[in-house]
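All values below were derived from every heavy atom in this structure, side-chain atoms included, with hydrogens, water molecules and symmetry-related copies excluded. Within every chain, numbering begins at 1; the chains are lettered A, B, ... in the order of the sequence lines, protein sequences first and strands thereafter.
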Amino acid sequence: MGMWQRVIENLFRKPATRNFPEECVHPAAGQRGHIEFNADTCKFCNACALACPANAIEVDKKSKTLTFEPFRCVTCGACVDACKFGSVATSEAFRCPQTGKTVEVYQKAIEPKEPKEAEESTDARQPAVDKAASD
Amino acid sequence: MSHESVVPFGPQHPVLPEPIQLKITLEDENVKKVLPALGYVHRGIEKQGERNDFLQNVYLVERVCGICSATHAVAYCMAVEEAMGIEIPMRAEYLRVIWAELHRMHSHLLWLGLLAEAFGYESLFMQLWRVRESVMDILERTAGNRVIISVCQVGGTRRDLSEEQCADILRSLDKIHKELDKIVPVLVNDYTVKKRTQGKGTVDKQTAYDLGAVGPTVRGSGVAQDMRMTGYGAYKELDFEPVVETAGDTYARGMVRAREVYQSMELVRQAVRQLPPGETITKVKGRPKGRAVVRVEAPRGELIYMVVGNGTKNLERMRLRVPSLANIPFVLAILPGVEFADVPVVTLSIDPCISCTER
């Protein structure tokens with residue numbers, strides 16, 4: 001009897017599968033899909049690289065470059081917790097499949113330095129002001 | 001005239017979640033001797049644990065096993081907190097219990113599915129794993145990931161559960177309970193399932209205890225040993241009894257796990273209702289110094305963590321004794337005498353987690 005009950009129930013039940021691609025599964029809010037870096041607010045303090053258990057981040061303060069290897073990353077979020085400036089965040093979507101191991105390099109735009117004020121000089125050389133102007 | 005042959009069981013076998021090789025010497029159809037060969041999944045986690053920062057080790061230790069991963073994280077965090085003398089907020093203890101019990105549920109449902117598949121009952125395997133998907137969805141919605149949840153940290157937990165998330169967990173558990181009430185009686189009462197599991201690999205209470213088995217393996221033989229009764233974490237405030245069966249065969253071990261799924265659901269419901277307000281993490285200051293040993297109840301049994309700190313940010317030693325390591329000698333002792341066709345089912349009945357064993 002139990003089996004026949006199931007048979008009749010199943011005749012009127014909707015399918016157990018989803019009508020993909022019309023109906024997609026959306027990742028849950030707060031899912032750790034991938035890590036995103038923001039080079040503009042980054043202070044290159046190296047906290048995220050020290051916290052990373054997979055050594056996926058490399059920070060170079062001099063050239064203001066952050067190198068991130070997404071294929072080493074395990075999306076644990078330790079870097080997100082370590083960053084005090086809010087430059088690292090998790091995002092919900094998973095990364096698309098890649099054909100080769102990619103490396104992401106984030107570089108902060110380096111602004112050209114302001115020419116310095118000229119100093120009093122007793123040298124016979126060209127004054128500092130003119131030298132800076134011709135650069 | 002009996003005929004002796006040696007058959008390798010594993011390292012790849014449909015019944016095994018991870019690779020282990022058992023070289024079985026058969027006499028006609030009965031097992032005479034078993035020789036194990038481990039080492040297929042050894043990753044050197046204990047050594048890497050000495051090179052990592054003690055805070056980074058949580059992420060390493062979670063990846064020892066994908067099925068009981070939160071239990072490893074909880075045990076490691078407890079060990080380091082004991083070594084450093086940190087007291088974590090009660091809310092964090094409750095949250096750890098909730099996530100650990102959800103892991104126990106999904107681990108046992110996984111095992112029940114594998115048991116069904118071990119004797120070819122694939123449709124039941126699919127149905128059980130379909131229910132398991134609901135548990136994985138709860139983990140994804142609350143912790144951020146399905147398998148390796150990375151919520152435990154030294155000092156507490158990283159995430160908190162909001163009121164809606166708690167209500168969502170309770171709702172999902174009700175649905176899971178209803179589904180399980182339809183499926184588990186099939187597993188438990190079916191004539192074929194009973195024929196394949198009852199009377200196979202029977203071990204009496206004293207032998208199971210002497211062989212050093214832990215977890216549902218030993219609870220299926222009548223020994224009421226459950227590390228949660230020692231009252232670590234929030235378990236001292238929750239009301240439950242260890243699930244024990246007395247028959248000592250594969251069926252009894254299966255029944256223990258099936259009943260523990262219900263017990264875990266009840267524990268999660270209790271913990272969610274009793275969740276105290278407060279913070280979820282305390283600040284960690286200093287470095288671990290000294291030794292700490294903790295025992296927790298992983299889905300497969302007693303998990304022991306020993307952590308030795310020497311005052312630097314790297315640990316001196318991190319040693320894990322996983323439950324499957326204690327259960328493998330048990331299986332080697334009970335396999336002689338078993339028929340060859342029953343070897344997969346009996347081996348599976350201890351719930352072997354070889355990636356835990358080999359770290």
**Q** Most heavy-atom pairs under 4.5 angstrom with chain A, which of B:Arg63, B:Arg141, B:Arg158?
**A** B:Arg158

**Q** Classify the side-chain pair B:Ser150/B:Glu62 by whether it contains a donor and acceptor separated by less than 3.5 Å.
**A** yes

**Q** Under 4.5 Å heavy-atom distance to chain A, tell me which part of B:Gln153 shows up: side chain, backbone, both or neither.
**A** side chain

**Q** Checking heavy atoms, do the side chain of B:Lys182, its backbone, both or neither come under 4.5 Å from chain A?
**A** side chain

**Q** Is it the side chain or the backbone of B:Arg146 that comes within 4.5 Å of chain A heavy atoms, both, or neither?
**A** neither

**Q** Working to the nearest 0.5 angstrom, can you tell me the gap between B:Thr71 OG1 and B:Met78 CE?
**A** 11.5 Å

**Q** Is A:Ala78 in contact with chain B via its backbone, its side chain, both, or neither, using a 4.5 Å heavy-atom distance?
**A** both

**Q** Using side-chain contact (heavy atoms from CB on, under 4.5 Å) as the criterion, point out the one residue from A:Thr67, A:Leu66, A:Thr65, A:Asn46 that pairs with A:Glu58.
**A** A:Thr67

**Q** Is B:Arg43 salt-bridged to B:Glu18, cutoff N-O under 4.0 Å?
**A** no

**Q** With rounding to the nearest 0.5 Å, note down the distance linking OG1 in B:Thr157 to CH2 in B:Trp99.
**A** 5.5 Å

